[in-house]
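Just so it is clear, the structure is predicted and the values come from calculations on it, not from any experiment.
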Amino acid sequence: MNSFSQNERSVFDHVPLVVYQCTQQGIDRNFEFVSPYVYSLLSLTPEQLSQDSKAFFCRIHPDDRNLFLRAWEKHTQLPVTIRLEYRMLGQGNRVVWVQENSVMSQGSVENEMICHGALIEISDHQHIREELQRWDRELQSLTGNLPDIIGRFDRKNRVMYLNRWWDSVDPVPPEKYLGKQLIELGVSQKVAGVFEEKIQSVCKKGTSESLEISHPTGKGLKNFEIRFCPEPTIGGQILTVLLICRDVTDVRMAELAFKDSDEKFRQLAETVDSVFWIWDVDLQQIVYVSPAYQRLWGGDPQKLMNNPFDWLSIVFQEDQAKVENLFLKRIDAKGLDIEYRIVTGHHELRWIHNRTFPVKDSSGRIHRIIGIAQDVTERKKWEEERLKGAKLESLGLLAGGLAHDFNNLLTAILGQLSLAKYTLDSSNPLFTRISEAEHASLRAQDIARQLLTFSKGGAPVKKTVSLKEILYENVRLVLAGSNVRPIFNISDELWPVTIDAGQICQVIHNLVINARQAMEEGGECIIQAHNVTGDGVELSGLGAMSSHAQDWIEIRFIDNGIGISKDNLEKIFDPYFTTKSTGSGLGLATSYSIVRNHGGLLAVKSALGEGSTFSLFLPATPIQEMSPELPERSVKVGQGKILIMDDEIQIRKVLGEMVETCGYSYQAAKDGDEALRNFCEAREMGSPFSAVILDLTIPGGLGGKEVISRLLTIDPQVKAIVVSGYSNDPVLANYQEYGFKGRVAKPFNLVDLSVVLHSVLEKTTS
């Protein structure tokens, strides 16, 4: 293959694409020529690429490197043309999508290929592809089953999303509409012009607009009611407009039926479940109401004929004033669209959507008003559940954030206390005081655990413990200051369990709170805990448990309160079910989920007036598997250099003092970019870090999960420890799957950190 001449190379100096000539072996690319535009694309000069054969491969996005290598594997026939799209990392790790077109031929030695090719940025093309995928995921579940046409348009009148089109019930493939104008979808020039005018008006004014059109379809001419709604960004800018197109052909047919024949209208109206009614403007009374008014609402049609506002007596009392005021003002106007509640003849509360449509006579004067009242109770329930879910999700995020910040503060406190304690002799009076402060700080961790349990937590972070002290401490904490007295009956030979102590404490809290609330006049809450075998569980009537574990711990929470009815007993573990006016309905549902995640069972026996017994079963752990805890663990010392990454300056400071106390030197980084830079510089200087400590969450930057992924590409043997204030994060629970060698959950003290550091470094050495 001919090489580029000097004249040919100069041609590419000002062309906005990267032209190159190189030889390639595996990940090595030895560039003989590369055009200057490569600096604009990747922030690499031609000289840097020529001097370092691995520089180009290192700039390929880690997730696309295997794709790149597979494309250049051996081909049976040469030369061959290769076309490939992948991501590269530009300045500041900016992701750049490129398309590479290259001709590959055999080199002078085995496994060496000669390549002539070009790279071009395809950001716009990829952006459209990613938008397509994102909107497909988000909108398919929401709009796939809606009877209405749902669309989204940008400011250039281009279609960004459609669930279906005029006469089809099937979804529209994205490639049929994405980025197209309405006229390309078969809409007439006249109708497309009206649509585009509305879209531009909504973008400019920021308010919704609507229109109604008739449009031919495969099933004939149909009427569509179309609403254009602005979709503002966080900054208030209108970038897209939502289109909701509803087939109102049946409604318009009903209106025509009224004009042509009252009898035809009655035949139509009496077959549907919506309430149709006609108001005569001249007579100022209702002249027709469909049978659904009596059948569904329980109203009296004759009374309505005599008194046109008799239907207001069915309206829910809290809505009556608003509804009456609107109807009196607008009944003879252009139209009314209102939702309110009614109380049916069966004393059932239902939501009604009432709309009115004026009917003009031949002279253009409004002489009748047609009303359609539809039952929308199920839709309102769905909207309320969606709003409730959004609120709970927001509260969960807030709770998780508070717990994270709280754990950070506790880490700084515990770290300083443990450092101060390490310098004192155990006979010093301050040693005892610091130990008590350290214990109090650990108890404060319970608050963070409760917040994390309420927030969206991951898999349990388990360790083997004894439940005896946990039961005593948490039951007394919940019942402190109440008129309910705890009575404990806990076996001295209670087997250990492997649990997430924070989550199980939350279960204990929920069950004891339920017992306390069931005994408003006071009473006794009995806590029993004993060992049972698999056969013992079956005899209790609770069903067979997992076959792989035959030994169990059973904990019973017994109260002599009001009890639970038979109907409610089947629902108490359902999310949002509660009999309390102020309850969220999440306590028992959350507890049930936590216990199931631990491989256990939560069951209840109760009857009205007889109290309740909640039985909690957890798999027992063989005693030999429980590591004996030393009364006072010692600080493990070692040697080496540690890299610390945390966004909180006080955490970086106390971590640094801890590792120095343990005999190590350290260097701190405030975010992932700085940590990666420090790591690479240390390797280049021949003084690599012995281990790295990475905070999992860095607001606005690369966190531990992202950093470990990149570190492993640099050094597959890197010794990394993950640290997080979200103690139930899935990464913390399954840290080894992400490439970490150890974990520490905030808050922790000097001993905790030293033990993990020593363990990670010792295992690697051995």
Side-chain angles (χ1 to χ4, degrees), residues 147-149 191 194 198 207-215 217 220-229 243-294 296-297 299 301 304-305 308-312 314-315 319 322-340 342 350-376 379:
D148 297 338
I149 296 173
V191 173
V194 175
K198 288 289 185 182
T207 56
S208 298
E209 295 190 18
S210 59
L211 60 83
E212 186 171 324
I213 64 168
S214 297
H215 196 278
T217 70
L221 190 68
K222 285 186 174 290
N223 293 330
F224 293 95
E225 183 180 79
I226 305 168
R227 188 171 182 86
F228 300 85
C229 306
L243 176 143
I244 304 173
C245 182
R246 177 168 294 174
D247 185 347
V248 293
T249 307
D250 294 340
V251 175
R252 298 300 173 257
M253 288 177 61
E255 294 173 9
L256 291 173
F258 274 115
K259 291 180 180 180
D260 297 338
S261 169
D262 284 348
E263 182 59 32
K264 289 182 180 179
F265 171 75
R266 286 189 180 92
Q267 292 176 3
L268 172 66
E270 291 174 6
T271 60
V272 298
D273 286 337
S274 297
V275 176
F276 288 84
W277 49 274
I278 304 176
W279 171 268
D280 191 289
V281 175
D282 297 326
L283 297 176
Q284 288 290 294
Q285 69 178 38
I286 292 177
V287 295
Y288 174 80
V289 61
S290 65
Y293 177 68
Q294 183 175 20
L296 302 178
W297 290 23
L304 192 60
M305 297 297 182
F309 295 102
D310 180 73
W311 65 275
L312 287 170
I314 303 175
V315 176
D319 296 347
K322 176 186 71 174
V323 174
E324 183 176 5
N325 182 50
L326 284 171
F327 265 87
L328 289 175
K329 287 182 177 180
R330 300 187 186 180
I331 187 64
D332 295 337
K334 294 182 179 180
L336 180 68
D337 193 320
I338 185 175
E339 291 185 353
Y340 53 87
I342 66 167
R350 308 291 295 179
W351 274 96
I352 301 299
H353 182 195
N354 205 336
R355 293 181 293 167
T356 62
F357 306 92
V359 180
K360 298 180 180 179
D361 58 18
S362 57
S363 64
R365 184 180 65 88
I366 297 175
H367 74 112
R368 282 189 172 182
I369 305 293
I370 296 176
I372 305 173
Q374 296 174 292
D375 189 317
V376 293
R379 191 201 77 198

So which atom in Ser208 and which in Cys229 form the shortest heavy-atom distance, rounded to 0.1 Å? OG-CA, 3.7 Å
4.5 Å side-chain heavy-atom contact, Ile213 and Val194: no
Go through Val251 and Ile372 one step at a time and tell me if the side chain to side chain contact (heavy atoms under 4.5 Å, CB included) criterion holds. CA-CA 9 Å; Val251 175; Ile372 305 173; 3.4 Å; yes
Could you tell me the separation between the CG atom of Asp148 and the CD1 atom of Ile226, rounded to the nearest 0.5 Å? 11.0 Å
Test item: side-chain donor near acceptor, His353 and Asp375, under 3.5 Å: no
Find the distance between CG (Asn354) and OG1 (Thr356) and round it off to the nearest 0.5 Å. 7.5 Å
Would you call Lys322 and Glu339 a salt bridge, taking side-chain N to carboxylate O under 4.0 Å as the test? no
To the nearest 0.5 Å, what is the distance between OG on Ser210 and CG on Leu243? 11.5 Å
Flag side-chain contact, heavy atom, 4.5 Å: Leu211 against Phe228: yes
Work out which heavy atom in Phe224 is nearest to a heavy atom in Asp247; give both atom names and the distance. CD2-CA, 3.9 Å
Has the side chain of Thr249 got a donor or acceptor atom that lies under 3.5 Å from a matching backbone atom of Asn223? yes
If you define the side chain from C-beta out and look only at heavy atoms, does anything of Ile244 sit under 4.5 Å from Ile149? no
What are the two closest heavy atoms between Lys360 and His367, and how far apart are they? C-CD2, 3.7 Å
Could you pull out the closest heavy-atom pair between Glu324 and Leu312, with the gap in Å? CG-CD1, 3.7 Å
Hey, does Arg252 have a side-chain heavy atom less than 4.5 Å from the side chain of Phe357? yes
Glu209 with Lys198: basic N within carboxylate O range, under 4.0 Å: yes
Are Arg246 and Glu212 close enough, and set up right, to give a salt bridge (charged side-chain N to carboxylate O under 4.0 Å, His left out), and what steps lead you there? CA-CA 9 Å; Arg246 177 168 294 174; Glu212 186 171 324; over 6 Å; no
What heavy-atom pair brings Ile369 and Pro358 nearest, and what distance separates the two atoms? CD1-CA, 3.8 Å
Indicate the atoms forming the closest heavy-atom contact of Val323 with Tyr340, along with that distance. CG2-CB, 3.5 Å
List in chain and number order the residues that pass salt bridge (Lys or Arg N to Asp or Glu O under 4.0 Å) with Arg227, two or more places apart in sequence or in another chain; answer none if no residue qualifies. none
Cationic tip of Arg368 within the cone over Tyr288's six-membered ring, i.e. under 6.0 Å and within 45° of the normal? no
